[in-house]
Structure formats: C-alpha cells, structure tokens
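I have placed the structure first, in the form of structure tokens, so that the comments after it can refer back to it.
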Amino acid sequence: MSGAEPVAAGRPAAGELDAAWQAAIGSIAAARRQSDDARGDAVGVTVLTGFLGSGKTTVLRQLLAEPAGLRITAVVNDIGPVNVDAMAIDGLHVASRTSDRVELTNGCACCALVDDLAETLEVLASTGTSDAIVVEASGVADPATLAAVVESAAGCVLDGIVAVVDAQQLASQLDDPRLAPAVRRQIDVSHLVVLSKVDQVDDQAVQSLTRRLGELAPGRMVVPSVYGRIDPRVLLGAALRGATFRADAGEHPLEVATAVVSPAGPWEVTTVARWFESPPETLVRAKGWFSTSDGSWHEVQAVGRSWRIEPANGPLDPVIVLIGDSAEAVDRAAASLRNLG
C-alpha cells in the first residue's frame with residue numbers, strides 16, 4: 001500500500017491530482033462567499049479535525065517538518081490541563097521548519113475557548129508573518145463551530161476543513177453508538193478526508209473504508225496516508241487555491257472527561273504494556289510520556305485497545321493524559337495506572 005494517490009470518495013480514482021481536486025471542490029456544500037478580490041490580505045485558515053487518536057498531530061508534525069516553503073502557524077487545542085499534542089510538536093527539531101505554534105489548553109476550542117481562539121487568530125493575522133494557519137482541533141470538537149469562529153475573526157478567511165480518520169479504528173467507531181455521531185459529524189463537514197495509518201491494514205480494508213466514506217460524504221477527496229505524510233499542496237490545497245466554504249455550526253457531539261497521571265513512572269515498559277493490553281473499557285484515549293528506572297523515556301499512544309510504546313528523547317515531563325466517557329471512569333483508570341509503581 002503506497003498511500004500516495006488521493007481518490008474521490010465514491011468515485012473512480014482520478015488520474016491527476018488537479019482532476020481529483022476539482023472533483024472535491026465540486027462537492028463542497030456551499031459556494032464560495034468571497035471572490036479573490038474581496039479576499040484581500042486575509043490569511044487562509046484550515047481546520048484540522050479528527051477523532052481522538054486519529055493521527056491529527058502526526059499529520060501536523062509532518063506538515064511543519066516539510067512546509068514546502070510556506071510560513072505555517074499551528075494553533076493547537078487539546079482537552080485536559082496538559083496539552084500533550086503541543087508538547088509533541090515542540091519536540092520537532094528540523095532545519096526546514098518555518099512555522100510557529102500557539103497553544104490553547106484545558107478546554108475545547110468549540111466551547112470554553114471560543115473567545116481565546118478568535119482573539120488568537122486575529123493577533124496572528126495582524127502580524128502578517130503567516131502564509132497559512134492550521135487549527136488542530138481537539139478530538140471531540142465540532143469543526144463547524146470552529147469554522148464559524150474563523151469566519152468571524154478579523155483578517156482571517158476559512159479555507160477548508162480537513163478530517164483525519166484512522167484506518168484501524170474507523171469501522172468500529174462508526175458502529176459504536178457513543179462515538180459515531182462525533183466521527184460522522186467531522187467527516188460530514190470536511191472538504192478533504194485523510195485516511196491515516198493505511199500501512200496497518202490491507203488494501204481490501206482501504207477500499208472498503210473508502211467506499212464507506214463515499215456513502216457518508218459523497219465526492220470528498222480521500223487521501224491515504226502513512227506516518228501522516230501528505231503533500232502540503234493537497235493538505236493546504238484549499239488555502240492555496242481559495243476553495244472557501246461555509247459550514248453551519250452545531251452542538252458539541254460528545255462529552256468526555258480527562259485525568260492526568262503525573263509524574264508518570266518510573267515504570268517498567270513491560271508493566272505498562274500489560275496494562276494497556278487490557279485497559280478499562282470506558283477509556284477512549286491515552287497519550288503522553290513515562291520514565292523508566294534506568295532513566296530512559298518512552299512515549300505511549302493508545303486508542304481504544306490499540307496502543308504503542310516507543311522510546312523517546314528526554315528529558316520530558318513524565319505525564320500521561322487519559323480520556324474517557326465519564327469523570328468516574330478516567331479517575332479509576334488513573335488510579336490503576338498510578339499503582340503500577
């Protein structure tokens with residue numbers, strides 16, 4: 001599975017990128033509200049959405065690492081008092097980076113942080129130092145509400161909503177009555193769908209998921225991706241080509257609770273692995289870093305019952321954020337994890 005060729009969901013694969021892009025633009029829900037002349041010096045803002053653990057931060061990291069010469073500013077929103085996603089992006093050290101990062105923490109940008117987001121965007125637009133702004137939404141944010149905030153921010157113009165979906169988890173998420181409304185909402189309002197982690201499933205599964213996405217959002221371009229790699233001309237295609245559209249704001253589709261385990265460790269890697277092999281059923285997402293007794297560091301990422309633990313460069317803050325469907329559930333999970341020591 002190369003993951004290189006974008007296709008339009010529900011349509012035959014296009015031979016050329018421009019042809020596929022035009023098919024996607026033709027499916028956008030509403031006509032562009034502003035002409036190129038009216039757009040003026042407004043900065044294009046792309047909303048990057050996707051359910052918890054879909055791979056949004058990985059996509060954003062790759063975009064910042066290889067920005068194709070663009071000055072990109074990332075606005076990162078994460079739920080919980082510790083913004084793990086922002087910390088992960090801060091860990092990116094590459095010579096080609098030409099971007100900045102702004103952090104919104106301890107709330108969802110489509111709820112408690114609406115005013116903060118609008119103010120942040122206006123300040124960024126006024127500096128004139130960004131060719132494009134990418135807002136990485138929290139995993140449960142309503143992207144249409146964020147789009148409305150973008151449209152209301154002076155000096156900004158909404159250029160599109162990109163939804164990242166997990167090839168490993170999408171089918172089960174769509175079949176889960178708790179999660180499906182949030183996942184469907186994110187796909188429904190997007191103009192582009194990134195099917196991440198296609199290297200973890202076979203070609204038949206990718207074809208099946210693409211057909212299902214075509215049923216949910218006919219005509220959308222679906223871009224298979226491995227390790228978050230996407231051509232910036234595709235990911236920011238709306239910003240570069242001016243494919244603006246309006247999405248009606250809706251209510252928050254899913255309520256979640258968070259708990260923080262800090263300090264996380266020192267633990268043995270095998271002990272943490274055993275814990276994640278049988279996590280609490282109500283645990284939706286876990287992410288962060290923990291230390292071991294020999295002074296090394298490891299990153300943990302978990303979505304449902306899928307998890308991975310990898311060596312990380314330290315020193316880092318030893319912290320793991322747990323996300324579940326109730327405060328009681330995540331508190332129990334946090335207490336269990338703390339007891340590993």
Side-chain angles (χ1 to χ4, degrees), residues 50-58 60-61 64 74-94 101-109 112-113 116 136-141 166 228 255-341:
F51 196 67
L52 299 164
S54 62
K56 296 185 303 296
T57 301
T58 303
L60 185 57
R61 281 172 58 90
L64 298 182
V75 179
V76 183
N77 172 225
D78 203 1
I79 54 179
V82 179
N83 197 330
V84 174
D85 291 344
M87 292 166 67
I89 290 174
D90 274 349
L92 180 64
H93 299 290
V94 289
R101 191 268 297 168
V102 177
E103 178 181 347
L104 299 176
T105 307
N106 201 21
C108 178
L113 299 179
D116 289 345
E136 183 195 359
S138 72
V140 296
D166 185 339
E255 297 296 333
V256 296
T258 64
V260 176
V261 178
S262 179
W267 301 321
E268 296 304 317
V269 174
T270 53
T271 303
V272 179
R274 282 196 299 268
W275 192 88
F276 278 103
E277 284 177 355
S278 301
E281 292 184 359
T282 53
L283 188 64
V284 178
R285 179 82 164 98
K287 53 186 174 181
W289 298 269
F290 66 92
S291 62
T292 59
S293 57
D294 62 2
S296 62
W297 297 83
H298 287 77
E299 179 184 6
V300 59
Q301 294 281 345
V303 184
R305 292 188 175 275
S306 296
W307 57 273
R308 62 178 173 83
I309 296 174
E310 297 178 343
N313 294 325
L316 300 167
D317 290 332
V319 58
I320 294 179
V321 175
L322 305 177
I323 304 174
D325 58 8
S326 73
E328 181 181 359
V330 293
D331 286 345
R332 286 199 305 268
S336 173
L337 193 56
R338 292 188 187 100
N339 288 334
L340 290 182

If we only count heavy atoms from C-beta on, is the [X] to [Y] side-chain gap below 4.5 Å?
X	Y	result
Ser291	Trp297	yes
Val321	Val261	no
Phe290	Ile309	yes

Just jot down the side-chain contact (heavy atoms from CB on, under 4.5 Å) partners of [X], sequence neighbours excluded, or say none.
X	answer
Ser296	Thr292, Asp294, His298
Glu310	Arg308
Thr270	Glu268, Arg274
Ala327	Ala257

Of the non-hydrogen atoms in [X] and [Y], which two are nearest, and what is the gap between them?
X	Y	answer
Ala334	Ala259	CB-CB, 4.0 Å
Val260	Arg338	O-NH2, 2.8 Å
Phe51	Lys56	O-NZ, 3.6 Å

So Trp275 and Leu340, side-chain contact (heavy atoms from CB on, under 4.5 Å) or not? Walk me through it.
CA-CA 8 Å; Trp275 192 88; Leu340 290 182; 3.9 Å; yes
Nearest 0.5 angstrom please: [X] [atom1] to [Y] [atom2], how far?
X	Y	atom1	atom2	answer
Thr271	Leu337	OG1	CG	11.0 Å
Phe276	Ile320	CZ	CD1	5.0 Å
Leu322	Ser336	CG	OG	9.5 Å
Thr57	Gln301	OG1	CD	7.5 Å

